[in-house]
2 protein chains.
Amino acid sequence: MQAVAAAPGKSPPRRVGRARLTTADSLGRTGLDLFIKYGFDHVTVEDIAEAEGIGRRTFFRYFSSKNDLPWGDFDGLLLRMRSRLAQAPAETPLFDALRESVVDFNRFPHDEVPFLRQRMTVLLTTPTLVAHSALRYQAWRRVVAEFVAERLGVARDSHMAITLGQVCLGISLSAYEEWLVDDSLVLADLISGGFHDVRAVFAY
Amino acid sequence: MQAVAAAPGKSPPRRVGRARLTTADSLGRTGLDLFIKYGFDHVTVEDIAEAEGIGRRTFFRYFSSKNDLPWGDFDGLLLRMRSRLAQAPAETPLFDALRESVVDFNRFPHDEVPFLRQRMTVLLTTPTLVAHSALRYQAWRRVVAEFVAERLGVARDSHMAITLGQVCLGISLSAYEEWLVDDSLVLADLISGGFHDVRAVFAY
DNA sequence: ATAGTATTGGCACAGAGTGTCGATGAGAAG
DNA sequence: CTTCTCATCGACACTCTGTGCCAATACTAT
């Protein structure tokens, strides 16, 4: 199901105990395929477990809920975003630092784009997942807010920091929404354009 | 449980058939009280139904889900927002039209503020409801996007319209977040301040 | 082989949400 | 007053998610 060797730096293969039957990655792809094929609401956890050859109970040891499956390794995404923000030179204005970080965060290798498209289609068009994703977005916004807070020398829960976290997320989501309906658009351009659109309206 | 007479313009009292045992309004307050008292997750639908003196099955005829209860009459809120936007003079710049509309939308009579605070506390601090509310926010953003689209003469699903809907929502939510943690702050000031904060960063 | 250990999966349970259908009760018609 | 009509109610059974518990399994080290 997945021939990829364990990436270096990951947890080393267990030394003792029964070997795992699968991986979160493999299970995630199996589930996502089923969601795309039959629709999220028409696939039960039992269906996914059966397709992967594991028990229903075991499914919940890889993903804490059915809703969590499509996001995959979200903690990795958060690290990715943090690293993009950290790369911004201190002399770059905050607007540009945020814009460039968000744009870079959403750059993916060409061969991963079709998969990203599938994943985001499921995430943004399934009501259950639109709702659940709000919890994930909270964590992403916090990363942005912490960066803003540090840059401006204010508290990480200050109004300014929280607000800019919200705004960056909003710009990202609207870009994705647009991107999903038009194959020919480039995600990075849409995000950058969103930042400039907001500037155009807010600084009339 | 509620001595308020049916508001004019509402559906007239049924002419035939068995009379209703309660109203969505009364049931909503009963549920919200329980949520505040014991926490959303510790209250079952059966608890609410029993407190209201109805059957569990009947609860779902008043609210399509437990998650829907705390929002109450959301369609009314959407109408309220639409009307605020419609009041904006055509010559007002878009930034000010949005800012003033969002601010006005969130003005409430003094005596309703404590109740609003309770409601928003439950909605914004309960993970299940944070997630579910994303579905309600979609509709609110659409109202803003339609206004923007009309103002700018672009499609209602254009990138600009969608983005500004997202940004207005983000500013509102961050204002609420701030408002809930500090009793002394004024919601309207926080929202207006949020608009100006974004402007300050985006138009450096 | 045996001991130790991590993973697995079966079972039972709580709770949300839904379809079905008979019971209820209030106004309307006679 | 009696009967009819019909919206509302609630009981029952069912699916599905998510969780606690615990014994079976399978791998490594000694």
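Atom set for the values below is all heavy atoms of this structure, side chains included, hydrogens, waters and symmetry mates excluded. This is a predicted model, so every value here is computed, not measured.
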Nearest heavy atoms of B/Leu32 and B/Pro70, plus distance in Å: CD1-CB, 4.3 Å
Not counting sequence neighbours, which residues clear salt bridge (charged side-chain N to carboxylate O under 4.0 Å, His left out) with A/Asp75? List them please. none
Atom-to-atom span, CZ of B/Phe60 to P of D/dT8 - whole angstrom: 18 Å
Residue pairs passing the ring pair (Phe, Tyr, Trp, His ring centres under 6.0 Å) test where at least one lies in residues 154-176 of chain A, sequence neighbours excluded: A/Tyr176-A/Trp179
Hits for salt bridge (charged side-chain N to carboxylate O under 4.0 Å, His left out) against B/Arg57, two or more places apart or cross-chain, chain-then-number order -> none
Once salt bridge (charged side-chain N to carboxylate O under 4.0 Å, His left out) is applied, do any residues pair with A/Arg99, and if so which ones, sequence neighbours excluded? A/Asp96
Starting from P on D/dG18, measure out to CZ on A/Phe59 and report it in whole angstrom. 8 Å
Between D/dC27, C/dT8, C/dA28, which nucleotide gets closest to the side-chain atoms of B/Val16? C/dA28
Below 6.0 angstrom between ring centroids: does that apply to A/His196 and B/Phe202? no
Rounded distance in Å - CG (B/Leu129) to P (C/dA16): 12 Å
Those residues that, when tested against B/Asn67, pass side chain to side chain contact (heavy atoms under 4.5 Å, CB included) (two or more places apart): B/Phe40, B/Ser65, B/Thr128, B/Leu129, B/His132
DNA chain D-proximal residues of residues 63-72 of chain A, any heavy atom under 4.0 Å: A/Ser64, A/Ser65, A/Lys66
Using a 4.0 Å cut-off on heavy atoms, which residues in residues 33-49 of chain B reach DNA chain C? List them by number, or say none. B/Val43, B/Thr44, B/Val45
Report the residues that fulfil ring pair (Phe, Tyr, Trp, His ring centres under 6.0 Å) with A/Phe108, sequence neighbours left out, ordered by chain and then residue number. none
Test of understanding: with salt bridge (charged side-chain N to carboxylate O under 4.0 Å, His left out), list the residues that count as partners of A/Arg142, not counting sequence neighbours. none
Residues in side-chain hydrogen bond (donor to acceptor under 3.5 Å, both in side chains) contact with A/Arg84, at least two apart in sequence or another chain: none
Rounded to whole angstroms, how far apart are CD on A/Glu52 and P on C/dT7? 16 Å
Just the atom pairs and distances: protein N or O near nucleotides 10-13 of chain D's N or O, under 3.5 Å.
from	atom 1	to	atom 2	distance (Å)
D/dG10	OP2	B/Gly55	N	2.8
D/dG10	OP2	B/Thr58	OG1	3.0
D/dG10	N7	B/Arg61	NH1	3.0
D/dG10	O6	B/Arg61	NH2	2.5

Just to verify, what does B/Phe74 make a ring pair (Phe, Tyr, Trp, His ring centres under 6.0 Å) with, not counting sequence neighbours? B/Trp71
OP1 or OP2 of C/dT8 sitting under 4.0 Å from any side-chain N/O of A/Tyr62? yes
